[in-house]
S.K.: 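Here it is: the structure, laid out below.
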Amino acid sequence: MTDPRFPTTWRQRAVLVPFARALKAWYRPRVHGLEQVPADRPVVYVAKHPRTYLYFETMLLGLVSFWDSGRVPFRPMEKRGTSLHRVPGLAWVRRHVGTIEATEEAARKALAGGESLLLFPGGARELYGAPDTLAWTGRRGFARIAAGAGVPVVPLAIAGADQQHPLRVSLGAKGSLWLPLLPLPVPLDFWFGAPMAPPAAADAAAIGAFADEVARATQTLLARAVAERRKPWSL
């Protein structure tokens, strides 16, 4: 049930969406608060970067937030040219899952075309940082993007995302080895916060304050999601 305004590729329809549906049996996802999110206009989703090298939780997020709900689709923003983009299979997924480069120019273009965005402002800080803890100090880009486009920011929390790989072995310049290689079948709970309206694009001080406010709201939402998270063996 996708929006006809946003055409999909045969790879998404034939491979990625069926795979995401299969992942539902592995992660048993539950969704909270999605009804607060506008269904017919773009938003900027912001969340903590999951501690994983795979896109499984992001694919599931797409399934529950727009493939199965008819909402405006989101474009995940990512840094290009990393070691993950050279991993067979995973590189193919990242090419075809609909990501865009993590630049403000690409973000503005997507929003102008009516699509939503998904940003992980903490990036590698959170990928390698403490579980379930935001690290957004100095990260203002998402607030500038939202203010410039006049679209709301939606805090997002994914409880269980940081528990898929309990162990990480540093490989130095070659990256990391996440163990187990196949993520654990932990329940994933997706929590959507209330949309937050950005300030005027020309007010740099207000944009900075807004970014801090969104960070606090997202951390509070994540803490609640973690506190109410189901046990690993729960259905």
S.K.: So which heavy atom on Ala161 is nearest to which on Pro50, and how close?
M.R.: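 Smallest heavy-atom distance, with atoms named: CB-CB, 4.0 Å.
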S.K.: Enter the distance from Arg144:CZ to Phe210:CZ here, rounded to the nearest 0.5 Å.
M.R.: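 With rounding to 0.5 Å, CZ (Arg144) is 13.0 Å from CZ (Phe210).
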S.K.: In this structure, would Tyr53 and Val186 fall into the same cluster of hydrophobic residues linked by side-chain contacts under 4.5 Å?
M.R.: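 In one cluster with Tyr53: Val186, yes.
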S.K.: For Arg41 and Val72, work out which heavy atoms get closest and say how close.
M.R.: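 Where Arg41 meets Val72 most closely, the heavy atoms are N-CG2, 3.6 Å.
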S.K.: With sequence neighbours left out, which residue pairs that include part of residues 102-131 fulfil the ring-ring contact (aromatic ring centres under 6.0 Å, His included) condition?
M.R.: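 Sorted result for residues 102-131: His49-Phe120.
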S.K.: How many angstroms lie between CZ in Arg230 and CZ in Arg30, if you round to the nearest 0.5 Å?
M.R.: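 One finds 4.0 Å between CZ of Arg230 and CZ of Arg30.
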S.K.: Roughly how far apart are Tyr27 OH and Leu184 CG, rounded to 0.5 Å?
M.R.: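 Here the interatomic distance stands at 8.5 Å.
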S.K.: Using side-chain heavy atoms (C-beta onward) and a distance below 4.5 Å, is Thr9 in contact with Leu16?
M.R.: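 With C-beta onward as the side chain, the pair stays apart.
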S.K.: How far does NZ of Lys24 sit from CG of Asp68, to the nearest 0.5 angstrom?
M.R.: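 Spacing of NZ (Lys24) from CG (Asp68) equals 5.5 Å.
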S.K.: Between Val151 and Ile207, is there shared hydrophobic-cluster membership here, with clusters defined by ILVMFWY side-chain heavy atoms closer than 4.5 Å?
M.R.: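 In one cluster: no.
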S.K.: With a 6.0 Å cut-off (strictly less than), is the heavy-atom count around CD of Glu105, excluding the residue itself, greater than 12?
M.R.: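 Counting neighbours around CD of Glu105, 12 or fewer heavy atoms of other residues, nucleotides or ligands fall under 6.0 Å, so no.
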S.K.: Do Gln163 and Asp132 make a side-chain contact, defined as non-hydrogen atoms from C-beta onward lying under 4.5 Å apart?
M.R.: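 When only atoms from C-beta onward are counted, Asp132 and Gln163 do touch, with a gap below 4.5 Å.
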S.K.: Does the side chain of Leu34 come within less than 4.5 Å of Arg71's, by heavy atoms?
M.R.: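 Sidechains of Leu34 and Arg71: in contact.
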S.K.: Given the rule that I, L, V, M, F, W and Y join up when any side-chain heavy atoms are under 4.5 Å apart, are Trp10 and Val97 in one cluster?
M.R.: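 Trp10 does not cluster with Val97.
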S.K.: Considering all heavy atoms of both residues, which atom of Ala14 and which atom of Pro18 are nearest to each other, and what is their separation?
M.R.: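 Minimum heavy-atom separation between Ala14 and Pro18: O-CG, 3.5 Å.
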S.K.: What residues form a side chain to side chain donor-acceptor pair (under 3.5 Å) with Gln36, not counting sequence neighbours?
M.R.: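 Here no residue qualifies.
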S.K.: Report yes if the side chains of Pro195 and Val43 come closer than 4.5 Å at any heavy-atom pair, otherwise no.
M.R.: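 When only atoms from C-beta onward are counted, Val43 and Pro195 do not touch, as no gap falls below 4.5 Å.
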S.K.: Compare every heavy atom of Ala20 with every heavy atom of Leu60, then report the nearest pair and how far apart it is.
M.R.: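 Heavy atoms only, the tightest pair is CD2-O, 3.6 Å.
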S.K.: Between Phe56 and Leu188, is there a side-chain heavy-atom distance shorter than 4.5 Å?
M.R.: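 Leu188 vs Phe56: side chains apart.
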S.K.: Does Phe19 reach the side chain of Leu63, with side-chain heavy atoms less than 4.5 Å apart?
M.R.: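 No, side chains not in contact.
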S.K.: If you compare all heavy atoms of Pro199 against all heavy atoms of Ala147, which two are closest, and at what distance to 0.1 Å?
M.R.: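 Result for this residue pair: O-CB, 3.5 Å.
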S.K.: Any chain of hydrophobic side-chain contacts (each under 4.5 Å) joining Leu61 to Trp191?
M.R.: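 No, no single cluster joins them.
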S.K.: Nearest 0.5 Å, what's the CZ-OG1 distance between Arg125 and Thr133?
M.R.: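 That separation rounds to 13.5 Å.
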S.K.: Main chain of Arg21, side chain of Trp67: is a donor-acceptor contact present, judged purely on distance under 3.5 Å?
M.R.: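 Side chain of Trp67 to backbone of Arg21: no pair is present.
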S.K.: To the nearest 0.5 Å, tell me how far Ile158 CD1 sits from Arg229 CZ.
M.R.: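 If we round to the nearest 0.5 Å, Ile158:CD1 and Arg229:CZ are 12.5 Å apart.
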S.K.: Side chains of Ser65 and Phe192: does their closest heavy-atom pair fall under 4.5 Å?
M.R.: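 They are in contact (side-chain heavy atoms under 4.5 Å apart), so the answer is yes.
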S.K.: Suppose the criterion is salt bridge (charged side-chain N to carboxylate O under 4.0 Å, His left out): which pairs have a residue in residues 210-222, not counting sequence neighbours?
M.R.: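 For residues 210-222: Arg140-Asp212.
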S.K.: Taking a hydrophobic cluster as the set of Ile, Leu, Val, Met, Phe, Trp and Tyr residues connected by side-chain heavy atoms closer than 4.5 Å, whether directly or through intermediates, do Leu221 and Val226 fall within one such cluster?
M.R.: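 No; tracing contacts between hydrophobic side chains, which count when under 4.5 Å, never links both residues.
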S.K.: Where do Leu181 and Trp178 come nearest, in terms of heavy atoms and distance?
M.R.: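 Between these two residues, the closest heavy atoms are CD2-O, 3.3 Å.
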S.K.: For a salt bridge (charged side-chain N to carboxylate O under 4.0 Å, His left out) with Asp162, tell me which candidate from Arg168, Lys48, Arg51 qualifies.
M.R.: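 For Asp162, the salt bridge (charged side-chain N to carboxylate O under 4.0 Å, His left out) test succeeds with only one of Arg168, Lys48, Arg51, which is Lys48.
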S.K.: Kindly indicate whether the side chain of Arg28, heavy atoms from C-beta on, has any atom under 4.5 Å from the side chain of Pro185.
M.R.: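 Contact flag for Arg28/Pro185 side chains = yes.
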S.K.: Taking Glu126 for its side chain and Ala135 for its backbone only, find out whether a donor-acceptor pair lies under 3.5 Å.
M.R.: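 Yes; judged by distance alone, with no hydrogens or angles, the pair exists.
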S.K.: Carefully, step by step, assess Glu57 and Gln164 under the rule side chain to side chain contact (heavy atoms under 4.5 Å, CB included).
M.R.: CA-CA 10 Å; Glu57 70 291 316; Gln164 299 176 79; 3.0 Å; yes
S.K.: Would you please indicate if the ring centroids of Phe142 and Trp136 are separated by under 6.0 Å?
M.R.: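 Phe142 vs Trp136: aromatic centres under 6.0 Å.
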